Amino acid sequence: MRVALEADGHTVAEAGTGDPGAPGFESVDLVVILGGDGSVHHALPGLVRSRTPLYHCPLGTENLLAREFGADRSVQTLRRAIARWTIERIDLGEARPLGAPSGAGASLFSLMCSFGFDAAVAHRVARARRGAIGRHSYLGPIAAELAAPTLVPLTVEADGAAVAQGATGVLIVANSRQYGARLDPARRADMADGLLDVVFLPARGRLDMIRWAMSLALGRDPAERGAVVSCAKRIEVAAGGGVPCQIDGEASGLGVPMTIEVRPEAVSVLSARGLSA
């Protein structure tokens, strides 16, 4: 990839995204992230500060941001995207402790923040992880979570309106329509509408979780199956106990009560829509 880009006359500098505040984001025209959605997630603070566009070259498990913007692993797609230079501004979500000012103890996300079953699976994967992971890494954690589901009563408000009142289930706060395993619970989500989509899937046990998974896999609208679906700029989440949280597919240490708020047009993305080989 580097050779091809340099042959086009570009100067390429390699750097990690582990420290998104490191110098360099402001001094380049494009940040190409080679990795998964977690790599994009860790780079978000630096991208927000620098306002430098990002391109996601998908080398992870799900690669949801790349899927949304038509990117693939081909250097030819990247070259076409650079030549066309179509930049799209997208919103981000910010999750932080309830009552904390914006930015304090916060975690930014481009895709989603969720609580319940899928978050518990993400935590199980993180505890068992010893290196690179793939889809097979989720099979054992999914089976273990189905055997003993993490179902904690949630109370959720979206722009002041009640979404759940002490109900058990899965809560997804989505900025993107894309989701793992193509289940896509927030299919109307728009990354540039200044809103976050809120989906609450009520569940009392493993059978309900299996039904929801099957329904989403078949492409059914969750609202027609009893889910609570809305859009909001600000969401507040409380729980009747410890509830796991995942952000952009990664296990999060943030706990509830929590505020989740949209940050409109916070990051720029170099689009490759329609350019894949």
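Fair warning: this is a prediction, and the values are worked out from it, not measured in the lab.
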State, to 0.1 Å, how close [X] and [Y] come at their nearest heavy-atom pair, and which atoms those are.
X	Y	answer
G105	P97	O-CD, 3.5 Å
A71	P58	O-CG, 4.0 Å
N175	S110	ND2-O, 2.9 Å
L151	A203	CD2-O, 3.9 Å
A227	P202	CA-CD, 4.1 Å
V170	I172	CG1-CD1, 3.8 Å

Residue pair [X] / [Y], side-chain heavy-atom distance below 4.5 Å:
X	Y	value
Q165	P153	no
D72	L275	no
M112	L64	yes
L30	W85	yes
Y55	T77	yes

Short side-chain to backbone donor-acceptor contact, [X] and [Y], under 3.5 Å:
X	Y	value
R130	A128	yes
S276	G70	yes
D37	G60	no
R177	A186	no
R206	A148	no

Nearest 0.5 Å, please: how far is [atom2] in [Y] from [atom1] in [X]?
X	Y	atom1	atom2	answer
S271	I90	OG	CD1	11.0 Å
C231	D197	SG	CG	3.5 Å
F69	N63	CZ	CG	14.0 Å

Once salt bridge (charged side-chain N to carboxylate O under 4.0 Å, His left out) is applied, what residue pairs with a partner in [range] remain, sequence neighbours excluded?
range	value
residues 183-195	R188-D221
residues 108-120	none
residues 243-270	E94-R263, R96-E261, R234-E261
residues 136-150	R124-E145

So which residues get pulled into I235's cluster when ILVMFWY side chains under 4.5 Å apart are joined, directly or through others?
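Same cluster as I235: F109, F115, V152, L154, V156, V163, L171, V173, L196, V198, F200, V228, V237, V243, I247, L254, V256, M258, I260, V262.
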Transitive ILVMFWY cluster of L207, excluding itself - 4.5 Å side-chain cut-off
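Grouped by the 4.5 Å side-chain rule, L207 forms a cluster of one, so the answer is none.
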With a 4.0 Å cut-off on N to O distance, would you call R67 and E62 a salt bridge?
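Salt bridge: yes.
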Check this for me: D29, atom CG, are more than 12 non-hydrogen atoms of other residues, nucleotides or ligands nearer than 6.0 Å?
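No - once you tally the heavy atoms of other residues, nucleotides and ligands closer than 6.0 Å, there are 12 at most.
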Would you find more than 12 non-hydrogen atoms of other residues, nucleotides or ligands less than 6.0 Å from M214 atom CE?
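No, because the 6.0 Å sphere around CE of M214 holds 12 heavy atoms or fewer from other groups.
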With sequence neighbours left out, write down each residue that passes side chain to side chain donor-acceptor pair (under 3.5 Å) with [X], or none if nothing qualifies.
X	result
R2	E6, E14
S50	T52
R273	E88
S268	R89

Donor-acceptor pairs under 3.5 angstrom involving side-chain atoms of residues 131-141: please list them, not counting sequence neighbours.
from: R135; atom 1: NH2; to: T61; atom 2: O; distance (Å): 3.2
from: S137; atom 1: OG; to: G134; atom 2: N; distance (Å): 3.1
from: S137; atom 1: OG; to: G134; atom 2: O; distance (Å): 3.2

Just jot down the salt bridge (Lys or Arg N to Asp or Glu O under 4.0 Å) partners of R211, sequence neighbours excluded, or say none.
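With sequence neighbours excluded, R211 shows a salt bridge (Lys or Arg N to Asp or Glu O under 4.0 Å) to D208, given in chain and number order.
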May I ask you to check whether S252 and Q246 show a side-chain donor-acceptor distance below 3.5 Å?
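No - no donor-acceptor pair under 3.5 Å links their side chains.
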